[in-house]
Amino acid sequence: MNEIIKNIEAAQLKEQVPEFHVGDTVRVHAKIKEGNRERIQVFEGTVLKKQGGSTRATFTVRKTSNGVGVEKTWPLHSPHVEKVEVVRRGKVRRAKLNYLRDRVGKRAKVKELVK
């Protein structure tokens with residue numbers, strides 16, 4: 001039974017997984033279905049957390065829209081996630097950036113990683 005589940009999950013994995021980390025500012029291109037047509041909507045924000053593994057891996061992105069914090073969580077291997085592009089790298093020392101939820105304005109920024 002375990003092998004059957006592993007085979008089904010392996011078939012659903014994406015070949016190329018985007019490379020990004022917690023603290024990065026990313027643009028997520030997601031497919032939105034409205035009625036009988038599809039379009040791509042871009043959601044740009046900071047990656048708060050990545051969790052899970054295999055097909056269950058998810059990531060959460062947070063942005064501020066009209067002064068209100070908005071968070072969305074996507075499955076990493078979802079067919080609705082067209083692509084994830086990294087806008088800038090962030091320098092963080094935590095795996096989960098939950099403390100950003102309480103901060104507003106410049107305090108909610110993450111320092112940029114300079115290489």
Side-chain angles (χ1 to χ4, degrees):
M1 171 102 169
N2 228 356
E3 291 298 319
I4 297 170
I5 293 172
K6 285 181 183 176
N7 291 336
I8 292 171
E9 286 183 351
Q12 295 174 348
L13 293 175
K14 285 185 178 178
E15 293 86 32
Q16 289 185 324
V17 180
E19 181 66 33
F20 62 94
H21 303 285
V22 174
D24 293 352
T25 301
V26 294
R27 271 194 202 108
V28 181
H29 297 260
K31 290 182 186 175
I32 304 292
K33 189 167 186 176
E34 294 174 333
N36 57 355
R37 62 190 193 100
E38 270 189 6
R39 65 183 180 88
I40 293 181
Q41 187 175 33
V42 179
F43 188 90
E44 182 175 343
T46 306
V47 179
L48 287 189
K49 62 183 176 179
K50 288 174 75 173
Q51 63 187 44
S54 183
T55 56
R56 295 177 201 85
T58 61
F59 64 99
T60 301
V61 179
R62 179 181 177 86
K63 75 172 183 177
T64 305
S65 178
N66 297 324
V68 179
V70 180
E71 288 183 20
K72 282 193 177 182
T73 302
W74 285 282
L76 190 60
H77 296 282
S78 170
H80 294 293
V81 176
E82 188 70 25
K83 68 177 178 177
V84 178
E85 59 180 281
V86 178
V87 177
R88 57 190 284 261
R89 297 275 178 198
K91 181 183 179 186
V92 293
R93 298 167 69 179
R94 302 269 178 273
K96 306 261 194 294
L97 304 180
N98 295 323
Y99 64 89
L100 288 180
R101 293 177 177 148
D102 301 330
R103 299 190 178 184
V104 184
K106 284 187 177 181
R107 294 182 67 208
K109 279 190 176 181
V110 174
K111 287 185 180 180
E112 189 165 3
L113 182 66
V114 181
K115 287 190 175 182

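- No more than 12 heavy atoms of other residues, nucleotides or ligands shown are found within 6.0 angstrom of CZ on Arg94.
- Considering only residues two or more places apart in sequence or on other chains, Glu34 meets the side-chain hydrogen bond (donor to acceptor under 3.5 Å, both in side chains) condition with Arg39.
- Shown here are the salt bridge (charged side-chain N to carboxylate O under 4.0 Å, His left out) partners of Arg103, two or more places apart in sequence or in another chain: there are none.
- To the nearest 0.5 Å, the span separating CD on Glu44 from CZ on Arg27 amounts to 4.5 Å.
- Rounding to the nearest 0.5 Å places OG1 of Thr46 at 8.0 Å from CG of Leu97.
- The hydrophobic cluster containing Val70 also contains Trp74, counting ILVMFWY residues as joined when their side-chain heavy atoms lie under 4.5 angstrom apart, directly or transitively.
- Closest heavy-atom contact between Arg89 and Asp24: NH1-OD2, 2.9 Å.
- Note that CZ of Arg107 is 10.5 Å distant from CG of Leu100, once rounded to the nearest 0.5 Å.
- Of the inter-residue distances, the one linking Arg93 atom CZ with Lys111 atom NZ reads 10.0 Å to the nearest 0.5 angstrom.
- A continuous path of ILVMFWY side-chain contacts below 4.5 Å connects Val47 to Val86, so both sit in one hydrophobic cluster.
- In this structure, Lys96 places its NZ atom where more than 12 heavy-atom neighbours from other residues, nucleotides or ligands lie under 6.0 Å away.
- For Arg56, the side-chain hydrogen bond (donor to acceptor under 3.5 Å, both in side chains) partners are Glu9, not counting sequence neighbours.
- Of all heavy-atom pairs between Val22 and Lys49, the closest is CG2-CA, 4.1 Å.
- The two residues Val17 and Leu76 have their closest heavy-atom pair at CG1-CD2, 3.5 Å.
- To the nearest 0.5 Å, atom NE2 of residue His77 and atom OG1 of residue Thr55 are 7.5 Å apart.
- Residue pairs meeting the ring pair (Phe, Tyr, Trp, His ring centres under 6.0 Å) criterion with at least one member in residues 3-30, sequence neighbours excluded, are Phe20-Phe59.
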### Query
After noting the C-alpha distance and the side-chain angles of Val110 and Thr25, does the key distance pass the side chain to side chain contact (heavy atoms under 4.5 Å, CB included) rule?
CA-CA 9 Å; Val110 174; Thr25 301; over 6 Å; no

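- Here the closest non-hydrogen pair linking Val81 and Lys14 is O-NZ, 2.8 Å.
- Under the rule for a side-chain contact (heavy atoms from CB on, under 4.5 Å), Asn36 has no partner lying at least two apart in sequence or in another chain.
- Within the structure, every pair that satisfies the side chain to side chain donor-acceptor pair (under 3.5 Å) test and touches residues 57-69, not counting sequence neighbours, is listed here: Thr60-Thr73, Arg62-Glu71.
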